[in-house]
K.L.:
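For reference, the structure I am asking about is given below.
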Amino acid sequence: MTKEKKQRSLLGTQYFVMMIFWLILTAVIITFLILFLNERQNVNEKYGVTQKLADIANGTTTGQDAQAVYQMLMNIKYPLIDFSLLSFTFFAASTTQISDWGAAWAQRETSINLAYSYLFITAVIAIIGLCYYIVINIKIFRYRSFQWRYGLATNYPNDLPIFNTKIYLTFITNLTIIFSFFNFLTTIIALAYGAFLVLVSYFFWYILKNRTEVLVPHKWWKASNFAFFTTVLVIQNGYTLIKSIFSAKFGVDLDLILQIIIPIGTITVIIAVFIKNLLSTKVSAVRNAIKTIGGKVATFRIFYYTQQEKSLEDFAFVSQLPPLIKKPLSTKAINTKQALELMDTLEDGAKFIEQHFKKPKETNYMLYHLFNEIVDVAEIDEIKSNILKVEAKKNKGTINK
């Protein structure tokens, strides 16, 4: 196997490898969800929490006795849950500063419920993401089978079979990471997951010499949403830390104060900001560009047919040229004559796509791919060759029938 084909083979396993990693992440989150439930149940049974609270609720335990019970409950440790909350038990709380132990316990119980709820939601979204990974791998397998059946060349990747599913997968996986930041434990898990992806990607890049971005972009700190993820991580975990300190040292519930200032709550604000951010990411921009590709093609043709060589003197037109032409032209790797020849090739490719793809969505995607992603004439030739092979075999099958 040549180095080039080896790289393509590795790239073809991208989503399968990522599905395995996501499966591990999902399994870890579900495991901790179960551990949360077991810990709470075991600790409550050990100290008779349920019965003590029932005695206070039905009036059997009242007054100072009730306060003493609440104080005892506040001293109970839930190691995993408290760690996930950065709970007051990690900050040596001063018991003399708490005047209402009942209110303090209610606040702690609410925090425990929130910790479980966030972990549960994260697990559910992660499972949905895993389902999307499975769907994408099935689509890729079917597409690979289709390519093998028709003897198609596969020297260049093409996302057409999975494009729409990939958009939903991107949203779900990003949403899972966002919800992970609402729990200190899952924040660590999410960071470990991200670090592992980077290390494996660098293994492909440096050890296996695969110069394709298999799992994450090579310059991962420049990846889409990285800055946003970092901001949410710092704000949410910083807020959790400050909230725990205020609760432990001063008995102040910052959640209550924040809900007075922002009635809709922090989670709604952050998710709303996240969705707005996601809509402006590269994926959404690509989707919009696909819908409007007809206008870009029409503009190219106006200059192509009316201006020819003079069109390359128009800065606005040159700045919007497809990378097939713009890239070598900007580095002076080609001259004006060669640029015109590439324009001929591009127009010929656009006509071919419009003639041979019947579904508007597929046509738009392929035109977008042609005008925004292709940087090698050989890829255009491969697309034409593959389409003609499929049509020839289909026509042959129709004639034989």
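Since the structure is predicted, the reported quantities are computational estimates derived from the model, not experimental observations.
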K.L.:
Which of parallel (below 30°), tilted (30 to 60°) and perpendicular (above 60°) describes His369 and Tyr365?
P.N.:
parallel
K.L.:
How many angstroms lie between CG in Leu37 and OH in Tyr116, if you round to the nearest 0.5 Å?
P.N.:
5.0 Å
K.L.:
I need the Phe196 CZ to Leu25 CG distance, nearest 0.5 Å.
P.N.:
11.5 Å
K.L.:
Do any pairs count as a ring-ring contact (aromatic ring centres under 6.0 Å, His included) and have a residue in residues 311-344, sequence neighbours left out, and if so which ones?
P.N.:
Phe303-Phe317
K.L.:
Does Tyr304, at its OH atom, have more than 12 non-hydrogen atoms belonging to other residues, nucleotides or ligands within less than 6.0 Å?
P.N.:
yes
K.L.:
Spell out, as yes or no, whether a donor-acceptor pair under 3.5 Å connects the side chain of Gln147 to the backbone of Leu152.
P.N.:
no
K.L.:
Are side-chain heavy atoms of Ile56 and Tyr70 found at a separation under 4.5 Å?
P.N.:
yes
K.L.:
Could you pull out all donor-acceptor pairs under 3.5 Å where a side-chain atom in residues 227-235 meets a protein atom, sequence neighbours excluded?
P.N.:
from   : atom 1 : to     : atom 2 : distance (Å)
Thr230 : OG1    : Phe226 : O      : 2.9
Thr231 : OG1    : Ala227 : O      : 2.8

K.L.:
For the pair Trp105 and Gln71, evaluate side chain to side chain contact (heavy atoms under 4.5 Å, CB included) and give the outcome as yes or no after the intermediate values.
P.N.:
CA-CA 8 Å; Trp105 169 254; Gln71 184 174 355; over 6 Å; no
K.L.:
Under the rule for side chain to side chain donor-acceptor pair (under 3.5 Å), what residues qualify as partners of Lys139, not counting sequence neighbours?
P.N.:
none
K.L.:
Within a strict 4.5 Å, meaning less than it, do heavy atoms of the Ile162 and Tyr15 side chains meet?
P.N.:
yes
K.L.:
For Asp381, check side chain to side chain donor-acceptor pair (under 3.5 Å) against everything at least two apart and list the hits.
P.N.:
none
K.L.:
Under the rule for side chain to side chain donor-acceptor pair (under 3.5 Å), what residues qualify as partners of Glu347, not counting sequence neighbours?
P.N.:
Arg301, Tyr305
K.L.:
Regarding Lys296 and Asn372, do their side chains bring together a donor and an acceptor under 3.5 Å, going by distance alone?
P.N.:
yes
K.L.:
Asp82 and Ile76: which non-hydrogen atoms are nearest, and at how many Å?
P.N.:
OD2-O, 4.4 Å
K.L.:
Excluding sequence neighbours, so at least two apart, what forms ring pair (Phe, Tyr, Trp, His ring centres under 6.0 Å) with Tyr143?
P.N.:
none
K.L.:
Hey, which of Thr176, Asn174, Leu130, Ile178 is the one that makes side chain to side chain contact (heavy atoms under 4.5 Å, CB included) with Ile125?
P.N.:
Thr176
K.L.:
What are the two closest heavy atoms between Ile172 and Tyr132, and how far apart are they?
P.N.:
CG1-CE1, 3.9 Å
K.L.:
Do Ile325 and Met343 have side-chain heavy atoms sitting under 4.5 Å apart?
P.N.:
yes
K.L.:
So which heavy atom on Ile30 is nearest to which on Ala123, and how close?
P.N.:
CG1-CB, 4.3 Å
K.L.:
Below 4.5 Å, heavy atoms only, C-beta onward: do Leu346 and Pro322 meet side chain to side chain?
P.N.:
yes
K.L.:
To the closest 0.5 Å, what do you measure between CD1 (Ile138) and OG1 (Thr165)?
P.N.:
10.5 Å
K.L.:
State whether Lys327 and Asp376 are salt-bridged, where the test is any N-O pair (Lys NZ or Arg NE/NH1/NH2 against Asp/Glu carboxylate O) under 4.0 Å.
P.N.:
no
K.L.:
Looking at Thr122, Leu119, Ile29, which hits side chain to side chain contact (heavy atoms under 4.5 Å, CB included) with Phe179?
P.N.:
Thr122
K.L.:
Distance check, rounded to the nearest 0.5 Å: Ile353 atom CD1 versus Tyr368 atom OH?
P.N.:
13.5 Å
K.L.:
Would you say the rings of Tyr193 and Phe21 are close, in the sense that their centroids are separated by under 6.0 Å?
P.N.:
no
K.L.:
Could you list the residues that satisfy ring pair (Phe, Tyr, Trp, His ring centres under 6.0 Å) with Phe184, not counting sequence neighbours?
P.N.:
Phe83
K.L.:
Please answer whether the main-chain N or O of Ala126 pairs with a side-chain N or O of Trp22 as donor and acceptor at a distance below 3.5 Å.
P.N.:
yes
K.L.:
Any donor-acceptor pair under 3.5 Å linking the side chain of Lys326 with the backbone of Gln320?
P.N.:
no
K.L.:
Run the side chain to side chain contact (heavy atoms under 4.5 Å, CB included) check on Ile20 and Val17 step by step: do they pass?
P.N.:
CA-CA 5 Å; Ile20 298 300; Val17 174; 5.7 Å; no
K.L.:
Residues two or more places apart in sequence or in another chain: which of them pass salt bridge (Lys or Arg N to Asp or Glu O under 4.0 Å) with Asp348?
P.N.:
Lys384
K.L.:
Does Leu73 form a side chain to side chain contact (heavy atoms under 4.5 Å, CB included) with Leu53? I'd like the steps, not just the answer.
P.N.:
CA-CA 9 Å; Leu73 294 178; Leu53 291 175; 3.7 Å; yes
K.L.:
Below 30° counts as parallel, above 60° as perpendicular, anything between as tilted: where do the rings of Phe146 and Tyr150 land?
P.N.:
tilted
K.L.:
So, do Ser180 and Thr187 sit near enough that their side-chain heavy atoms are less than 4.5 Å apart?
P.N.:
no
K.L.:
Provide the full list of side-chain hydrogen bond (donor to acceptor under 3.5 Å, both in side chains) pairs with a residue in residues 32-58, sequence neighbours left out, each pair given once.
P.N.:
Arg40-Asn113, Gln41-Glu45, Asn44-Tyr78, Gln51-Asp55, Asn58-Thr60
K.L.:
Sequence neighbours excluded, which residues qualify as ring pair (Phe, Tyr, Trp, His ring centres under 6.0 Å) partners of Phe141?
P.N.:
none
K.L.:
Could you tell me which residues satisfy side chain to side chain donor-acceptor pair (under 3.5 Å) with Asn335, sequence neighbours excluded, listed by chain and number?
P.N.:
none
K.L.:
What's the separation between atom CE in Met19 and atom CD1 in Ile140, rounded to the nearest 0.5 Å?
P.N.:
10.0 Å
K.L.:
With ring centroids as reference points, do Phe32 and Phe36 lie under 6.0 angstrom apart?
P.N.:
no
K.L.:
Tyr168: which residues meet the ring pair (Phe, Tyr, Trp, His ring centres under 6.0 Å) condition with it, sequence neighbours left out?
P.N.:
none
K.L.:
Do Leu324 and Ile380 have side chains that approach each other closer than 4.5 Å (heavy atoms only, starting at C-beta)?
P.N.:
yes
K.L.:
May I ask you to decide if Asn155's main-chain N or O and Glu382's side chain share a donor-acceptor pair within less than 3.5 Å?
P.N.:
yes
K.L.:
So which atom in Thr173 and which in Tyr133 form the shortest heavy-atom distance, rounded to 0.1 Å?
P.N.:
CG2-CE1, 4.0 Å
K.L.:
For Leu199 and Tyr202: C-alpha separation, side-chain torsions, deciding distance, then whether side chain to side chain contact (heavy atoms under 4.5 Å, CB included) applies.
P.N.:
CA-CA 5 Å; Leu199 290 175; Tyr202 278 18; 5.8 Å; no
K.L.:
For the residue pair Asn183 and Ala115, what are the closest heavy atoms and their distance?
P.N.:
ND2-O, 3.6 Å
K.L.:
Does any part of the side chain of Glu341, heavy atoms only, come nearer than 4.5 Å to the side chain of Lys337, both counted from C-beta?
P.N.:
yes
K.L.:
Does any part of the side chain of Leu312, heavy atoms only, come nearer than 4.5 Å to the side chain of Gln307, both counted from C-beta?
P.N.:
no
K.L.:
So, for Phe181 and Ala190, which heavy atoms are closest and what is the spacing to 0.1 Å?
P.N.:
CE2-CB, 4.3 Å
K.L.:
Working to the nearest 0.5 angstrom, can you tell me the gap between Asn386 CG and Glu391 CD?
P.N.:
11.5 Å
